[in-house]
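The structure under discussion appears below in the form of structure tokens.
A note on names: the letters A, B, ... follow the listed sequences, proteins ahead of strands, and every chain is numbered from 1.
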Amino acid sequence: MNRIAQVFKEKETAFITYLICGDPDIRSTEKIMHQMVKSGVDIIELGVPFTDPIADGPTIQRGVERCLQKNISLTDVFTLIKNFRKKDLSTPIVIMGYMNPINKMGVHKFAKKAKLIGVDGVLIVDLPPEESMLINQLLRENNLDQIFLASPTTKSSRLKKIIDMSSGYLYYVSLKGITGSSISDFSELKKRVIYIKKTSNNNLPITVGFGIKNSVIAKNISKFADGIIIGSSIVELIEKNLKNKKVMFNKINLFIKDISRSLASK
Amino acid sequence: MKKINFKSFPDKNGHFKDYGGKYVSETLMYPLEELEKAYNKIAKSPAFKKELLNELHNYVGRPTPMYHASRISKDLGSCNIYLKREDLNHTGAHKINNAMGQAMLAKKMGKKRIIAETGAGQHGVATATACARYNLECVVYMGSDDIQRQKVNVYRMKLLGAKVIPVDSGSRTLKDALNEALRDWVSNVDDTHYIIGSVAGPHPYPMIVRDFQSVIGTESKSQMKKINKKVDILVACVGGGSNAIGLFYPYLNDNVAIYGVEAGGFGLNTNKHAAPLNKGKPGILHGNKTYIMENSNGQIESTHSISAGLDYPGVGPEHSLLKDLNRVKYVSVTDKEALKAFYYLTEQEGIIPALETAHALAYAFKLARKQSKKNILINLSGRGDKDIDTIATLQGIVI
Ligand SMILES: Cc1ncc(COP(=O)(O)O)c(C=O)c1O
């Protein structure tokens, strides 16, 4: 069983976090990753900086710009994961980003290299199933999961296709909007997640991301989702504490622990 | 060898062979599908076409003249230069052809709110105008650097009732305005239609914008027929590529040489230009696969052109295909050459062209000097009023 499947087998609700590779610097990203795992994070989505992040709100945009100033590239993302794996062989890592840097590296090389250094899954934000035929096959051949997004605007006919091409888990985008926005209708969200679970015959873990900013929201959603994903709030903690890394690490740790606790206590 | 039908693209998935497609996040897949359906059902109906034609005649001022520029023709040699006067459209450029078509479609789709991106401000002004005409709320995203260099257009948009939102992220130009418009659309898909200003973006936009702009080529064809002339060479400038494809498309299967002119900025050997078809590689930007300018890590490069409307690191996917098929020759012209052509047309013909258009002019003038007795048709995509400040500043004059 691969690492991602293992998490969903063991955990009632998986705790997934997102942060950008190189934020606030490469060594700190790795440090935050290890610390997150210690405090209860199950899966880490590692963002690849891209100049034109069309699905991201201002917080993540600024984070990406911080990393681009240091020229962080997809190659650096691989190096970071390689180093991370020297100390952690069990936590799944999902590379999350936009298509162009991957296209530039070459999809064949990307898939092979990702497998080699211990990546578990890949989520390409601007690559819907319709444009994923080749890369989906390559990732499968390398035993890597491709995670797709579903959203409130996804119609049932496409949902089936998305589920068919997905492995690992499905990332349900809780709202019509960009990262950093707020969820307005929880009962509608619950209905959608339950509907998607039914459509997948409970064969694919359904996780929820976008708009999860605190332990109350996390706990609420954990009652019906197989996993919750937190991104902007972590990037915001990095941004707000750029001047003092010790404080930064500490605040992120407290935040993660708070969410973990709320997930455990539901 | 089987002859290619150059007019058979895109396929039903929006691909121009390898290019185009829908590279967007999931939330936009539905509105794109909805738009494509509405476009096929509403915009292709005879009633819609008739209404749009009526608007183009009575509101926009079409058909635009086909002008034989006799003074410069003679001055440059033995070719005859014809100018398709898109500058004489209401609001001063070809952009209104697309804005009117899409605004009419949006209205019929029941949308209340329109968003747009703009570089030079011409598309923003055209969209704000169409929104005033059809009573639609209008929000225009514009890079803060472009706001600085196109102040008059910003003010025009405001007068027309549009809200202009400055975009401070990235390179603060057209590409970033497009990012921000896409983000707005994801957040407001229910009541909002995004009027993209060029043949860029995800399918069905490159097709829709091309179709609305094709009135340029279609009109030109019948105008040349009327005066019993055969076009030998077409020339247009290429930013996103909408005025170019609008002129080229109806001629693609004809025996005509076609040139698309990109912005060479300080020169193609510097990295300060905006010529992805000349110097870029295929990649993915703003929802489609096309030639783009990127660095070795796949990050999008910032571009330079004296004209804000050409200052874009990508290009419409159909142009990428036409390049690969060798149907259109894509060339470039530097800032300096464009400026020279700007002054030349202004002084010799009494027509002040947009700086974007001046790129097409500069290349066409080069051709006219080299060729003999050819009929060269240039798309005079816009007028230069918006660039007066830039020109004056270059001359050290404060207006
Ligand atoms: C007059 C004029 N010509 C050309 C362009 C470039 O756009 P496109 O390549 O889509 O025609 C612009 C864009 O602002 C413009 O204002």
Exercise for the section: Return the minimal non-hydrogen interatomic distance between B:Val24 and A:Pro128, and the atom names on each side. Expected result: O-CD, 3.4 Å

Problem - Test item: B:Ser25 and A:Asp126 side chains (from C-beta on) under 4.5 Å apart, heavy atoms - result: no

Exercise for the section: May I ask you to decide whether A:Glu131 forms a salt bridge with B:Lys22, counting only side-chain N to carboxylate O separations under 4.0 Å? Expected result: no

Handout entry: Heavy-atom check, side chain of B:Met29 versus side chain of A:Glu130, under 4.5 Å
Key = yes

Completion exercise
Between the NZ atom in A:Lys104 and the CG atom in B:Asn297, the distance rounded to the nearest 0.5 Å is 9.0 Å

Handout entry: Salt-bridge criterion met for B:Asp190 and A:Lys176 (N-O under 4.0 Å)
Key = yes

Exercise for the section: Decide side-chain contact (heavy atoms from CB on, under 4.5 Å) for A:Phe148 and B:Glu26; before the verdict, give the C-alpha distance in whole Å, the side-chain angles of both, and the deciding distance to 0.1 Å. Expected result: CA-CA 8 Å; A:Phe148 285 100; B:Glu26 181 55 31; over 6 Å; no

Exercise for the section: With a 4.5 angstrom heavy-atom cut-off, could you sort out which part of A:Thr154 is near chain B: side chain, backbone, both or neither? Expected result: both

Practice task
Answer with side chain, backbone, both or neither: which region of A:Arg62 has an atom nearer than 4.5 Å to a non-hydrogen atom of chain B?
Solution key: neither

Problem - Contact class of B:Pro282 relative to chain A, heavy atoms under 4.5 angstrom - result: backbone

Practice task
Measure the CG-CZ distance between B:Leu285 and A:Phe50 for me, rounded to the nearest 0.5 Å.
Solution key: 6.0 Å

Problem - Flag if over 12 foreign heavy atoms under 6.0 Å of NZ, B:Lys163 - result: no

Problem - Engaged part of A:Pro58 at the chain B interface, taking heavy atoms whose separation is under 4.5 Å - result: neither

Handout entry: B:Ser171 portion near chain A, given a 4.5 angstrom heavy-atom threshold
Key = neither

Completion exercise
Whatever's closer than 4.5 Å to a heavy atom in chain A on B:Val189 counts as side chain

Practice task
Select one option (side chain, backbone, both, neither) describing which atoms of B:Leu178 are under 4.5 Å from chain A's heavy atoms.
Solution key: neither

Practice task
Please state whether the side chain, the backbone, both or neither of A:Ile102 comes within less than 4.5 Å of a heavy atom of chain B.
Solution key: neither

Problem - Test item: A:Glu65 side-chain N/O and B:Ser169 main-chain N/O as donor-acceptor pair under 3.5 Å - result: no

Exercise for the section: Ignoring hydrogens and angles, tell me if any N or O in the side chain of A:Asn100 forms a donor-acceptor pair with the backbone of B:Gly298 under 3.5 Å. Expected result: yes

Exercise for the section: Name the region of A:Ile72, side chain, backbone, both or neither, that has any atom closer than 4.5 Å to a heavy atom of chain B. Expected result: backbone

Practice task
Measure from the side-chain N and O atoms of A:Thr153 to the backbone N and O of B:Thr27, and report whether any donor-acceptor pair falls under 3.5 Å.
Solution key: yes

Practice task
Can you measure from NZ (B:Lys289) to CE (A:Met99) and round to the nearest 0.5 angstrom?
Solution key: 7.0 Å

Problem - Contact origin within A:Ile54 toward chain B - heavy atom pairs under 4.5 Å - result: both

Completion exercise
When the 4.5 angstrom heavy-atom criterion is applied to B:Glu180 and chain A, the contacting part is side chain

Exercise for the section: Might you confirm whether atom NZ of A:Lys113 has over 12 heavy atoms from other residues, nucleotides or ligands at distances under 6.0 Å? Expected result: yes

Problem - Greater than 12 external heavy atoms within 6.0 Å of B:Lys107's NZ - result: yes

Exercise for the section: Give, as side chain, backbone, both or neither, the part of A:Asp52 having an atom under 4.5 angstrom from any heavy atom of chain B. Expected result: both

Completion exercise
With chain A, the option among B:Pro202, B:Ser296, B:Ala181, B:Gly287 that has the most non-hydrogen atom pairs under 4.5 Å is B:Ser296

Exercise for the section: May I ask you to decide if A:Thr51's main-chain N or O and B:Gln299's side chain share a donor-acceptor pair within less than 3.5 Å? Expected result: yes

Problem - A:Arg27 CZ: over 12 foreign heavy atoms closer than 6.0 Å - result: no

Practice task
Using modelled atom types only, decide if a donor and an acceptor are shared between the side chain of B:Arg183 and the backbone of A:Asp56 within a distance under 3.5 Å.
Solution key: yes

